[in-house]
There are 2 protein chains.
Amino acid sequence: MADGTGGLARAVLREQLRERLLARILDGEFAPGERIVESHVMKEYGVSQAPVREALRDLEAMRFVESFPHRGVRVRLISERELAEMYPVRAALEEVAGRAAAPVVTDDVLALLEDEIEAMRAATRDDDVHAVLVHDARFHEIVFEAADNALLLEVWRSLHAEIRALVTYTRVRVGLADIVESHVPILQALRQRDPALAGKEMRHHIEHFGALAFTAREEDESPARPD
Amino acid sequence: MADGTGGLARAVLREQLRERLLARILDGEFAPGERIVESHVMKEYGVSQAPVREALRDLEAMRFVESFPHRGVRVRLISERELAEMYPVRAALEEVAGRAAAPVVTDDVLALLEDEIEAMRAATRDDDVHAVLVHDARFHEIVFEAADNALLLEVWRSLHAEIRALVTYTRVRVGLADIVESHVPILQALRQRDPALAGKEMRHHIEHFGALAFTAREEDESPARPD
DNA sequence: CCGTCCTCGATTATCGATAATCGAGGAAGC
DNA sequence: GCTTCCTCGATTATCGATAATCGAGGACGG
């Protein structure tokens, strides 16, 4: 539905199931690659098969699971190759977001971004990797929301599955602090309301970590990777 | 499902229905804004409600229809605003595709692109707007396929609904010939295997027509309604 | 007259049951 | 011993029927 359900209209089983299942996937209760069996979900939640199937199909559209006819659904296992493919796409989208957001960003939004950076710093002090990544993602999402382009936001959100998979693959080769502080130039560019600069900073931010992720990986045998 | 069903596994009602319905939407048999009633589709194809619902949900994920709980599905009516939002997103994606494709493009692919341009020229001679747009879209799709980035291709395809809506809104202010010939620099850049140039040409190509579409529209301020 | 409440047909959401398909494991043939 | 075929339990795909919801139109009170 494009939903986002900012509004009302709750209590459609399919939607509730979708949220529940998604939460369980994100919590890792359903591990990547693991099957999700319709009949099990039915019994667990005491509902019928139809809403379960539709919820799973929603998750499929969100790229969190994949399905094959007569063989059911499994949590998507995102390969390193797919992750590598994500970087240029994401970098391009983030640049667009930065450009679009810079001229229209409000002080409120800047404050929110500041808060997220603060939250990341706090999480870094606690060495809480998960929290850092959550606030990291939220920081970027705020910029996309500020860009005031519904399509752009939606496309970016469709990469959630991949973005989240970074957690799995990111052996921390980069200090958490580096990740956190690399957001500061973005915020500054937005403060200056400089579209070109904000776009550039967003792009560089993504490309930087993309490059790190893969130069760091070169060493340990990367499969199917022509130079 | 990621499907694309390059492979086998046919004959799942939901998929067949999805294809049929999509074809009818694209043919304009279901007009934008028109409702698609589950029970009608059921009877028409002699199937039950479940596969119809799932097919419609697939189409929703593809952004061709939209749905609201208890109020059914209607063919998405893409506003000019949404169309305007598409241009920066598409421009960014096309640049990525051009960059990625240039270094790895084969002579076969270049020949295919040449063919599409030829087909566009022929269609122009016949003044067949629809055919021009079809080959136009195909040209771009070939570049995305050549870029060898499944995610990029998938994201681009998710804009199909919007791209197609251009047909509706594009009162021909630009000569068909201009559209056609504006593809030539892209092909040349790819021939030279110059990533930066190919990316730049792709981007400019989109931005050019985006700008045209909206400077041309400023004047009449029509709120989403062709006459 | 005008706004509110209610009813009712149309439609969607969910259910429970049946049919079709898959894959693992065992039997039969070589 | 190995391959091929077949059976069977598990699971998905589809069906037909029921429950819940919506919105238009009419009855009602002011």
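Letters A, B, ... mirror the listed sequences (proteins, then strands); counts begin at 1. Fair warning: this is a prediction, and the values are worked out from it, not measured in the lab.
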- May I have the distance from F68(A) (atom CZ) to dA13(D) (atom C1'), rounded to whole angstrom? 17 Å
- Starting from P on dT14(C), measure out to OH on Y45(A) and report it in whole angstrom. 15 Å
- Query: By salt bridge (charged side-chain N to carboxylate O under 4.0 Å, His left out), which residues pair with D107(B), not counting sequence neighbours?
  - Reply: R193(B)
- Query: So which nucleotide from dT14(D), dA13(D), dC15(C) ends up closest to the side chain of E38(A)?
  - Reply: dA13(D)
- Residues in salt bridge (charged side-chain N to carboxylate O under 4.0 Å, His left out) with E207(A), at least two apart? R203(A)
- Of the nucleotides dG16(C), dT11(C), dA13(C), which one has an atom closest to the side chain of V37(B)? dT11(C)
- Could you tell me the separation between the CE atom of M42(B) and the P atom of dT14(D), rounded to a whole number of Å? 13 Å
- Item | Listed partners of R24(B) passing salt bridge (charged side-chain N to carboxylate O under 4.0 Å, His left out), at least two apart | E29(B), E44(B)
- Identify, between A50(B) and H40(B), the residue whose nearest nucleotide on DNA chain C lies closer to the 5' end. H40(B)
- When the distance from CD of E15(B) to C1' of dT14(D) is rounded to whole Å, what number comes out? 14 Å
- Task: Nearest-nucleotide wise, let me know which of P51(A) and S39(B) is further upstream toward the 5' end of DNA chain C.
- Result: S39(B)
- Message: OP1 or OP2 of dA13(C) versus the side-chain N and O atoms of R53(B): is any pair under 4.0 Å?
- Response: yes
- Message: Return a single string for nucleotides 17-24 of chain D, one symbol per nucleotide in 5' to 3' order, where B is base contact, S is sugar-phosphate-only contact and - is none, cutoff 4.0 angstrom on heavy atoms.
- Response: B---SSS-
- Whole-Å distance, K43(A) NZ to dA10(D) C1', equals 10 Å
- Separation of dT12(D) atom C1' from R74(A) atom CZ, nearest Å, is 14 Å
- Going by the ring pair (Phe, Tyr, Trp, His ring centres under 6.0 Å) test, which pairs reach into residues 33-65 of chain B, not counting sequence neighbours? none
- Item | Modelled atom types, side-chain donor and acceptor of H135(A) and D115(A), under 3.5 Å | no
- Item | Residues which pass salt bridge (charged side-chain N to carboxylate O under 4.0 Å, His left out) with R99(B), listed by chain and number, not counting sequence neighbours | E95(B)
- Using the ring pair (Phe, Tyr, Trp, His ring centres under 6.0 Å) rule, take F209(B) and H205(B) through it: C-alpha gap first, then chi angles, then the decisive distance, then the call. CA-CA 7 Å; F209(B) 290 106; H205(B) 174 79; 5.3 Å; yes
- Item | Value in whole Å for how far the C1' atom of dC15(C) lies from CG of L13(A) | 10 Å
- Message: Between P on dT12(C) and CZ on R14(A), what's the gap in Å once rounded to a whole number?
- Response: 12 Å
